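Hydrogens, waters and symmetry mates play no part in the numbers below; they use all other heavy atoms, side chains included. Every chain is numbered from 1, with letters handed out A, B, ... down the list of sequences. Note that the structure is a prediction, hence the values are computed from the model and not measured.
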2 protein chains.
Amino acid sequence: MEGLDSVTIGRLADRLGMSKAGVIGQFRSKEKLQLETVDLVMEDFRTQVWQPVRHLDAGLPRLLAACAAWVRYAADPGYPGGCLLTQVTYDYDARTGLVHDRIAEGRARWRDSLRRDIDVAVAAGDLPPGTDAPQVVYGLESLAAGITPARLLHGDDETEKWALRGMHAILGFSPMK
Amino acid sequence: MEGLDSVTIGRLADRLGMSKAGVIGQFRSKEKLQLETVDLVMEDFRTQVWQPVRHLDAGLPRLLAACAAWVRYAADPGYPGGCLLTQVTYDYDARTGLVHDRIAEGRARWRDSLRRDIDVAVAAGDLPPGTDAPQVVYGLESLAAGITPARLLHGDDETEKWALRGMHAILGFSPMK
DNA sequence: TTGACGTACGAACGATCGTACTCTTAAATC
DNA sequence: GATTTAAGAGTACGATCGTTCGTACGTCAA
């Protein structure tokens, strides 16, 4: 089993050298543990992707830098097995419950962040005036999320380039070279 | 629990009004059951997406029609909970075993199918000469796979349009309007 | 009629799951 | 130094998991 469901009380207890009771004593319940795990994954994402670019100028410069960091993170998040954020996202999108909601909230925040830079870029004339921001955001997140299965199922090692060029196309830039 | 893991021997037995032993007698093992399930999902995909367009002219016409059917299927596969093919894909990409391999094979066939039409379209002058087919295929499948989480996590109801326009952008067509 | 064969049953197995208890023990507080 | 607090161990529970038995049914061929 993979994904969040593999983070189990007993397994975690083994890994930590603790008893199951000790672990559940820390987290109160499985759902709390899952929520904390999701928070941790999201925090890692923000640290690795948003933190390095947040100081850049709002608008297109920061948007492009964020996309580059995003794609790099998805292709190599620093741990084995592919981006965990993508994993939990597709794992819990069809479920109900607090974990689903938490993921949706985090993603919504990221979407807003992207959207703001898109709006600024449009206002600055760096993106075409008629740009449909939600549509662009959808394209960006889809292209980023496609990296994991492409790498893990097919061994593609050019996903970073593919995703980035796709993002540029979505943003209305010149043909994909 | 969702996804393939929710297809459990006992649950299936309940649903079918059979005993667990009767179900496992049909499928020999859980893995065989999973493989048959994956085959069934893939067959449904081919029936709903490929079958309606396969008779069209190879190249850009069939490619565009396939994308439209693909996107429509992902947005509304005819059953609740989002496209199962997307689900199992992201569920098993990071695992090892026969199910992972079967999914990879099926996806590889679909990729080849797309790629062939792209090549034909390029040869026919319907797509730019320098088109990087694998890159385009990556973009198409990413944009299609993005539909499920967008709908289920955020309630987006324009995903079909977004995905299709994104695909056009990836193919090098005019700006996303 | 008999035998082989396949289907499905009921029961049980060992594992693992999440969770609820009690008890010990160490730290913190007064 | 006595008392309170909290962490964690240990154990047990009910569920559910996949799987393996032995057995009772068919159906069909010999």
Side-chain angles (χ1 to χ4, degrees), chain A residues 1-43 79-82 84-106, chain B residues 1-43 79-82 84-106:
Chain A
M1 198 181 331
E2 293 287 336
L4 246 193
D5 291 331
S6 72
V7 181
T8 188
I9 305 284
R11 232 178 296 216
L12 204 56
D14 271 1
R15 181 89 63 151
L16 297 176
M18 288 173 54
S19 68
K20 284 170 62 177
V23 172
I24 208 172
Q26 294 283 348
F27 296 102
R28 321 266 307 164
S29 77
K30 177 70 185 297
E31 195 174 43
K32 302 274 190 186
L33 165 61
Q34 290 177 320
L35 288 173
E36 297 230 19
T37 307
V38 168
D39 287 343
L40 215 123
V41 170
M42 287 181 172
E43 191 186 328
Y79 44 77
L84 286 177
L85 198 51
T86 304
Q87 183 131 357
V88 297
T89 297
Y90 281 80
D91 238 34
Y92 279 82
D93 56 3
R95 308 193 199 189
T96 58
L98 297 181
V99 178
H100 164 102
D101 297 346
R102 185 69 61 94
I103 294 170
E105 290 164 17
Chain B
M1 196 182 329
E2 292 289 335
L4 244 193
D5 290 332
S6 71
V7 181
T8 188
I9 305 285
R11 233 178 295 216
L12 204 57
D14 272 0
R15 180 89 61 150
L16 297 175
M18 289 173 54
S19 68
K20 284 170 59 178
V23 171
I24 208 171
Q26 294 283 348
F27 295 102
R28 320 265 308 164
S29 77
K30 177 71 184 297
E31 196 174 42
K32 302 275 190 184
L33 165 61
Q34 291 177 320
L35 288 173
E36 296 229 20
T37 307
V38 168
D39 286 343
L40 214 123
V41 170
M42 287 181 172
E43 191 187 327
Y79 44 77
L84 286 176
L85 197 52
T86 304
Q87 183 131 357
V88 297
T89 298
Y90 281 80
D91 238 34
Y92 280 81
D93 56 3
R95 310 193 197 190
T96 57
L98 298 182
V99 178
H100 164 102
D101 297 345
R102 184 70 60 95
I103 294 169
E105 291 165 16

By side chain to side chain contact (heavy atoms under 4.5 Å, CB included) - contacts of A104(B) (at least two apart):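 Checked A104(B) against side chain to side chain contact (heavy atoms under 4.5 Å, CB included); matches are L153(A).
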Can you pull out every salt bridge (charged side-chain N to carboxylate O under 4.0 Å, His left out) where at least one residue sits in residues 14-32 of chain A? Sequence neighbours excluded, please.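 Those involving residues 14-32 of chain A do not exist here.
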Protein-nucleotide distance ([X], atom [atom1]; [N], atom [atom2]), rounded to Å:
| X | N | atom1 | atom2 | answer |
| --- | --- | --- | --- | --- |
| L4(B) | dG18(D) | CG | P | 12 Å |
| M18(B) | dT7(C) | CE | P | 10 Å |
| D5(B) | dG18(D) | CG | P | 9 Å |
| D14(A) | dA15(C) | CG | P | 14 Å |
| Q34(B) | dG18(D) | CD | C1' | 11 Å |

Test salt bridge (charged side-chain N to carboxylate O under 4.0 Å, His left out) applied to D91(B) - qualifying residues, sequence neighbours left out: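 With sequence neighbours excluded, D91(B) shows a salt bridge (charged side-chain N to carboxylate O under 4.0 Å, His left out) to R95(B), given in chain and number order.
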Does a nitrogen or oxygen in the side chain of S19(A) sit under 4.0 Å from OP1 or OP2 of dG10(D)?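 For dG10(D), neither OP1 nor OP2 has a side-chain N or O of S19(A) closer than 4.0 Å.
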OP1, OP2 of dT16(C) versus side-chain N and O of T8(A): anything below 4.0 Å?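 No, because none of the side-chain N or O atoms of T8(A) sits under 4.0 Å from OP1 or OP2 of dT16(C).
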Checking Q34(B) now: which residues fulfil side chain to side chain donor-acceptor pair (under 3.5 Å) with it, not counting sequence neighbours?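 Applying side chain to side chain donor-acceptor pair (under 3.5 Å) to Q34(B) gives Y92(B).
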Tell me every residue that passes side chain to side chain donor-acceptor pair (under 3.5 Å) with D39(A), counting only those two or more places apart in sequence or in another chain.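 D39(A) satisfies side chain to side chain donor-acceptor pair (under 3.5 Å) with R102(A) once adjacent residues are dropped.
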Going 5' to 3' through nucleotides 19-29 of chain C and flagging B where a protein heavy-atom sits under 4.0 Å of the base, S where only the sugar-phosphate is that close, and - otherwise, we get BB---------
Spatial distance of atom OH (Y90(A)) from atom CD (Q87(B)) [nearest 0.5 Å]: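 Between Y90(A) OH and Q87(B) CD, I get 11.5 Å after rounding to 0.5 Å.
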